[in-house]
Amino acid sequence: MAISAVKGFRDGLGSAARLYSEIETSAIRVLERYGFSQIRLPILERTELFARAIGETTDIVEKEMYTFPDRDGTLLTLRPEGTASAVRAFVEHHLDQTDSVTKLYYSGPIFRHERPQKGRYRQFEQIGAELFGRDDPLADAEVLTCVRDVLDELGLATARIMINSLGDASCRPKYRERLRAWGEEHRAELCPNCVRRIEKNPLRLLDCKEEGCRKLSETAPLLRDSLCEPCASHFAQVRSLLDAMGVVYEVDPRLVRGLDYYERTSFEVTAEGLGSQAAVAGGGRYDGLVARLGGPKIAAIGFAFGLDRLALAVQAARATAEQDAALALVPAVFIASLGADTRADALALARKLRRLGVRVELDGGRSLKSLMRRADRLGAPRVLILGEDEVAVRRGTLRHMTEQRDEKQAVDFDLEGPALLEAVGVAR
RNA sequence: GUGGGUGUAGCUCAGGGGUAGAGCACCGGAUUGUGGCUCCGGGGGUCGUGGGUUCAAAGCCCACCACUCACCCCA
């Protein structure tokens, strides 16, 4: 029996793999314009870190982590998100002592043991960014502008940004209680899931998908009306800055996030073409987290893009075979080696060209017909044919595919550098 | 964790008790060293796995597994 990949873990092949790196590159380009610098983080951390950062009672910590004991018994976890690690590194390296503001980005695999479905995998990739040291609304607006710029750069103009304010330590607990009281009052009318939520996570009562609960939740108290004055003012300023920038967003008073550390501004981005897992990015402010993880009292805000979902969205947005084909690796020259006596020269020429930066596909050991067919299928514009005749005069025949024309003795085997490039018709 | 759908060639899928198929892809030939179009030929399958029913199972029955979509949750 052949061994297959673990459930929820996938291989990225061909154009899919290229799409990923293309998206990652564009996103990083935007992030660096905003002053974020890369941090390379471990994907394994002490379980304790996530339990403390994300919250003991969240779904992620309760049942979605890949946790196992190390040889000495300490519990380790494959990271189920990136912010906790970034904050841990920030604290561990005393980055607040270096500069009053720190901006970091990272990318890489994230692990959650969930049931896989479209756009949801057990290993997926995130590109995340964290901004430490600024608590002003300007920082929130700048971060959201950055998110918008990444989306636009990727051609996801139809992606929607949803924002909300979750309040802070001074107003959210009170609101939670109000919501819980409301839930108790309507316990009989709520779906079984929501009944559990009353105790566990009352904020989730707001975004149940059940028709009955949705109707009912319209009568629930809204956090918006319970925000303390500083939170309300902060949110209003963020919004007016976004308005001034022309960054389009929607306020979703029901937006609730699954990680406990968020407060004040939080947001989510949804895109089309993803099935029911429509969120391609999420983030928010987490002013209390650095201190909770043993660091100084420092405000912070961050977000993460789901690379896998971005790829689905980008694919849906461009969706034509042509654009997909544009991602294929097309060789500039295909070298066809006929017969054993031509191998060494073929390999030498291929290597010279490759060292000059030319994408070369080399093949041999079978009929010219099949080599030509393959060159054609790969889309190579020129084929350098090396057979007995060519080796005898040490000059290769150059086949121009689109013109259906052969150019005999076009490429001298001993050419180097620009002369060689010119001979095979490759512009530098 | 719960539910639905699907498992037959590398890919997309047809076949519903009686000799395993098509299209595409791949390889070869027509054209001794020249691609796309056409024609001809070829290789490739424990029909997801295990058990059962039957003279006979890819097909019917049971169990399991995998994939997938959805719930949940999230990126």
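Naming convention: chains lettered A, B, ... in sequence-line order (proteins, then strands); numbering from 1 in each chain. The figures that follow rest on heavy atoms only: side chains count, while hydrogens, waters and symmetry mates do not.
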* Asked: Mind checking whether A:F68 and A:Y66 have ring centres under 6.0 Å apart?
  ->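 Between A:Y66 and A:F68, which both carry aromatic rings, the centre distance is not below 6.0 Å.
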* Rounded to the nearest angstrom, tell me the gap between atom NZ in A:K118 and atom P in B:U68. => 12 Å
Answer with base, sugar-phosphate or nothing: what part of the nucleic acid does [X] contact at a heavy-atom distance below 4.0 Å?
| X | value |
| --- | --- |
| A:G128 | nothing |
| A:F305 | nothing |
| A:K7 | sugar-phosphate |
| A:F111 | nothing |

* Just wondering, are more than 12 heavy atoms of other shown residues or ligands nearer than 6.0 Å to CZ in A:R343? -> no
* **Presence of A:Q117 side-chain N/O under 4.0 Å of B:A70 phosphate oxygens OP1/OP2** => yes
* Give a yes/no on whether any side-chain N or O of A:S4 is located under 4.0 angstrom from OP1 or OP2 of B:A66. =>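 No, no such contact exists.
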Considering every strand shown, what is the Watson-Crick or G-U wobble mate of [N] when both distances are under 3.5 Å?
| N | answer |
| --- | --- |
| B:C39 | B:G29 |
| B:A14 | none |
| B:A20 | none |
| B:U2 | B:A70 |
| B:G7 | B:C65 |

Indicate yes or no: does [X] engage [Y] in a salt bridge with an N to O separation below 4.0 Å.
| X | Y | result |
| --- | --- | --- |
| A:E263 | A:R172 | no |
| A:R18 | A:E22 | no |
| A:R180 | A:E177 | yes |
| A:D308 | A:R10 | yes |
| A:R394 | A:D345 | yes |

* Write down the atom of A:C231, the atom of A:R264, and the distance for their closest heavy-atom approach. =>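 Between these two residues, the closest heavy atoms are SG-NE, 3.4 Å.
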* Measure up the A:F36 and A:F303 rings against each other and bin them: parallel (under 30°), tilted (30 to 60°), perpendicular (over 60°). =>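 Perpendicular, since the angle between the ring planes exceeds 60°.
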* In the 5'-to-3' direction, what one-character label does each nucleotide of nucleotides 1-7 of chain B receive under the scheme B = base within less than 4.0 Å of a protein heavy atom, S = sugar-phosphate only, - = no such atom? -> BBB----
* Asked: Which letter, B, S or -, goes with each nucleotide of nucleotides 31-45 of chain B from 5' to 3', with contact meaning a protein heavy atom under 4.0 Å?
  -> --BBBB---------
* Asked: In terms of the nearest nucleotide of RNA chain B, which residue is placed more toward the 5' end: A:Q277 or A:R122?
  ->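 So the residue in question is A:Q277.
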* Upstream residue (5' side of RNA chain B) when A:R10 and A:D59 are each assigned their closest nucleotide -> A:R10
* Inter-nucleotide P distance (B:C24, B:G41), Å rounded ->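 Looking at atom P only, B:C24 and B:G41 are 14 Å apart.
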* Can you tell me, in whole Å, how much space there is between the P of B:A14 and that of B:G23? => 16 Å
* Under 4.0 Å from any atom of RNA chain B, heavy atoms only: list the residues of residues 34-48 of chain A that qualify, in numerical order. =>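 When residues 34-48 of chain A is checked for heavy atoms under 4.0 Å from RNA chain B, there are no hits whatsoever.
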